There are 2 protein chains.
Amino acid sequence: MSSTPLQAIADNSDKLVTTLERPRERIVKSAIELFRQHGIKGVGVDAIAEAAGSNKMTLYRHFGCKDDLVCECLKQVSSEKERIWTDLENTYPGDPAKQLRGWVDEAAQRIFNDLRGCDLVNAAVEIKEAGHPAQKVIMDAKKAHVQHLVELCRMAGVQQYEQLAQALVLLVEGARVCGQSIGIEGPQQRLKQTCDALIDAFSKH
Amino acid sequence: MSSTPLQAIADNSDKLVTTLERPRERIVKSAIELFRQHGIKGVGVDAIAEAAGSNKMTLYRHFGCKDDLVCECLKQVSSEKERIWTDLENTYPGDPAKQLRGWVDEAAQRIFNDLRGCDLVNAAVEIKEAGHPAQKVIMDAKKAHVQHLVELCRMAGVQQYEQLAQALVLLVEGARVCGQSIGIEGPQQRLKQTCDALIDAFSKH
DNA sequence: TTGGGACGTTACTGACCGGTAACACACATT
DNA sequence: AATGTGTGTTACCGGTCAGTAACGTCCCAA
C-alpha cells in the first residue's frame, strides 16, 4: 500500500466504514450492520474487523470477547432508539397526542421500509444461553421503551393509558416480526390504520 | 452394552426420545426440541443424533444435509399448528364465534406457559440466507395460518373480518415476541383482554 | 528526540462443525 | 441358509470459529 492507513480505508470501497472515526467506533458500526444482515451467530469476529477496516487484535483489545461486543452493539442500538422520544417532542412540542400519532407513523414507516425486524428482538431470539449479559441489555431497553410509550399515552390524556400503550406495543412488535416471517404481503400492511383506530377508540372515553 | 439397541435407548434416561419410533421420527423430534432450546445454529447434527439415540450417519441417510432436516422440522411444526383449526371445530362445532374466542384463549395460554416464542418466527429470524428452502416453508405456513383466521372471522359474521384477523395476528405475534425479549412482565400479559375487546368492537358493526 | 500508547500483521491454537468413507451388525424376507 | 435393507461405529476431512502471542509500525506528546 502506498497510501496511509486512513487513506487506505477511505479508498477501499468494499469496507463498510469509510469515515475517519476511530477503530472502536468503526468496529461497533460494522458489527451492528453485519449482525443485522447475517445474525449474531452468523458473523465471525474476523469479518467484523475486516468490514471495519481494522483487524481482530484491535477488536479484542477494545472488547474482551465477542459477547462484550454484542452487548455494546445492543446498547448503542437501544440508545439510538431512545432518540425517538426527544425527536417526537421536538417535532410536536407540547402535543403528546400528536407525538403518539407520530410514534405510530414512525413505526409503520420503518416496517414498510425494512423487513429485517428489530435488532433487539432478533438478538433475543438468537441468544438463548441463560444469564447471557445481552439479555439484560435487551430486557432493560424494551422495558424502557414500553414505559416511555405508557407515559406518552398518559400525557395524551388517555384514561386507560397503560392498556393502550401495551396494545400498541404488541401491534408494532407483531408487525415487525410478521414482516420478517411472512414477507411484504403480511398482515402488518394495515398497521397504521389499526393503531390509529385503536387510539381513537381509547381516546373517546 | 448388554441390552439390545432399542432397550438401550429406552433405558438411557438422558436421551430425549425413549419411544419405540424409528430413527427418522426420533431424529426429527429431538431436532425440534433442541432447536427450541438452543436455536438452529446453536445445535450441531451430532448433538441431534445423540439426543435421538441414533448417530450422525443415520441422520445423513435420512436427510441429505442439515438444512433439509431443518425444513422437515419446520414442516412438522407447522402441520402440528394446523391441528388447532380442526380442534377448535371439534370443541365448538358450528360456532365460529366461539372458535374465534377459543383461538384467542389458546394463544394467550401458550404465551403464558412458554416464553420461547414461535418456532417458525424464531427460524425466520435465524435464517437470513436468501433463498434458503426453510424460508418458503415458514412463509407458506404463516400465510396459511393468517388465511385460516381470516376465514374464521368471516364465518363468525364479522363484517370487516380481514381487518380483525390481521389485527389479531399482530397482537398475538407481538405478544409471543414480547415474552421472549422482555420476559414474563411484558405487555403481553393483557393479550386476552385486548383481543376480546377488539373482537367485541368488530362484532358490533 | 525519544518514549509510549494505539494500532496493524502474521501466525498459531484448540475446539467445533457439517459431511463422508468403510466396515460391522441385526433382522426380516425369501 | 442366503440376501438385502436399515442401522450403528469409528475414523476421518476440510473448514470455520473465538481467542492469543509476538512482533512491527505509526504518531503524538513530552
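Computed from a predicted model, the values in this text were never measured in an experiment. So that the names make sense, note that chain A is the first sequence line, chain B the second, and so on, each numbered from 1.
Proximity of B:R26 to the phosphate of D:dG8: a side-chain N or O atom is located under 4.0 Å from OP1 or OP2.
Considering only side-chain atoms of A:S54, the nucleotide from C:dG18, C:dG8, C:dT9 that sits closest is C:dG8. The side chain of B:R61 sits closest to D:dT7 out of C:dT9, D:dT7, C:dG8. Distance from the side chain of A:V45 is smallest to D:dA18 among D:dA18, C:dG19, C:dG8. Nearest nucleotide to the B:P23 side chain, out of C:dC7, D:dG8, D:dA18: D:dG8. Comparing C:dT9, C:dG8, D:dT7 by their closest approach to the side chain of A:T58 singles out C:dG8.
In this entry the distance linking CD of A:E21 with P of C:dA6 reads 18 Å, nearest Å. The CG-P distance, from A:N55 to C:dA6, rounds to 15 Å in whole Å. Rounded to whole angstrom, the span from the CZ atom of B:R22 across to the P atom of C:dA28 amounts to 10 Å. To the nearest angstrom, P of C:dG18 lies 10 Å from CG of B:L69. If you take NE2 of A:H62 and P of C:dG5, they are 15 Å apart, rounded to a whole angstrom. Taking atom NZ of A:K56 as the reference point, atom C1' of D:dC23 lies 17 Å away to the nearest angstrom. The CD-C1' distance, from A:E25 to C:dA6, rounds to 13 Å in whole Å. Distance A:L59 CG to C:dC7 C1': 13 Å, rounded to the nearest Å.
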Decide yes or no on side-chain contact (heavy atoms from CB on, under 4.5 Å) for A:L168 and A:L100, but give the supporting numbers first.
CA-CA 10 Å; A:L168 289 176; A:L100 184 56; 4.0 Å; yes
Should B:N122 and A:E126 be marked as a side-chain hydrogen bond (donor to acceptor under 3.5 Å, both in side chains) after you check the CA-CA gap, both sets of side-chain angles, and the distance that decides it?
CA-CA 8 Å; B:N122 292 353; A:E126 269 198 274; over 6 Å; no
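Salt bridge status for B:K142 with B:E173: present, with a side-chain N to carboxylate O gap under 4.0 Å.
Using a 30° and 60° split on the angle between ring planes, A:W103 and A:W85 fall in the parallel class, below 30°.
Along DNA chain D, the nucleotide nearest to B:M57 and the one nearest to A:G44 differ in position, and the one closer to the 5' end is contacted by B:M57.
Residues B:V45 and B:F63 fail the side-chain proximity criterion, which asks for heavy atoms closer than 4.5 Å.
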